[in-house]
Amino acid sequence: MLAADGRCADIHHLLECVKANDENHAGYTDDIILAAVKELAKTPNNEPKEIDKLVNLLNSDKSKINAFIQCGKLKSAYLTAIKGRFVDEVKRISTIATQAGQTAIRDICDRWLQMNASTRT
């Protein structure tokens with residue numbers, strides 16, 4: 001609801017409250033942030049800088065990849081995936097890039113996958 005209303009400052013305040021009251025906050029905060037990013041990405045007049053601030057607060061690289069994908073930032077998702085050497089995520093980004101008609105991103109994903117074929121698990 002906060003994200004749908006564009007109340008990013010309130011989202012940040014909520015995250016601070018969760019962090020202050022729960023030692024094991026990482027999972028909770030990532031869930032809150034991903035839900036907020038999903039709503040903000042749907043908003044026509046969203047603030048990309050606010051979304052980026054929220055994504056930077058995510059604890060997990062895989063959560064960051066998911067957030068970037070939700071926002072259509074496939075290059076950022078790709079860069080995060082290769083940094084963590086997440087082969088399955090690079091494959092997923094390649095598939096999404098193909099569906100979205102982003103051939104340049106698909107091509108760099110496919111090149112990375114070819115070069116790192118021996119490290120696949």
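Starting from 1, each residue takes its place in the sequence as its number. Side chains included, hydrogens not; waters and symmetry mates left out as well; all remaining heavy atoms used.
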Rounding to 0.5 Å, atoms NZ (Lys83) and CD1 (Ile65) come to a distance of 10.5 Å

One should read off an interatomic distance between Asp31 CG and Leu58 CG, to the nearest 0.5 angstrom, of 10.0 Å

Set out, in order, the CA-CA distance, both residues' side-chain angles and the distance that settles side chain to side chain contact (heavy atoms under 4.5 Å, CB included) for Ile96 and Leu74, then state yes or no. CA-CA 8 Å; Ile96 293 167; Leu74 298 183; 3.9 Å; yes

The side chain to side chain contact (heavy atoms under 4.5 Å, CB included) partners of Ile108 (sequence neighbours excluded) come to Tyr78, Ile105, Arg111

With the side chain counted from C-beta on, respond yes when Asn116 and Ile82 share a heavy-atom pair under 4.5 Å apart, and no when they do not. no

Looking only at heavy atoms, the pair that brings Cys109 and Ser94 closest together is CB-CB, 3.6 Å

Residues passing the side chain to side chain donor-acceptor pair (under 3.5 Å) test with Thr80, sequence neighbours excluded, are none

Do Ile51 and Leu54 have side-chain heavy atoms sitting under 4.5 Å apart? no

Here the salt bridge (Lys or Arg N to Asp or Glu O under 4.0 Å) pairs for residues 97-107, sequence neighbours left out, are none

Taking every heavy atom of Ala67 against every heavy atom of Val37, the minimum-distance pair comes out as O-CG1, 3.9 Å

Residue pairs meeting side-chain hydrogen bond (donor to acceptor under 3.5 Å, both in side chains), one or both in residues 61-74, sequence neighbours left out, come to Asp30-Ser63, Asp52-Lys73, Asn66-Arg92

*Test item: Val87 and Leu113 side chains (from C-beta on) under 4.5 Å apart, heavy atoms*: yes

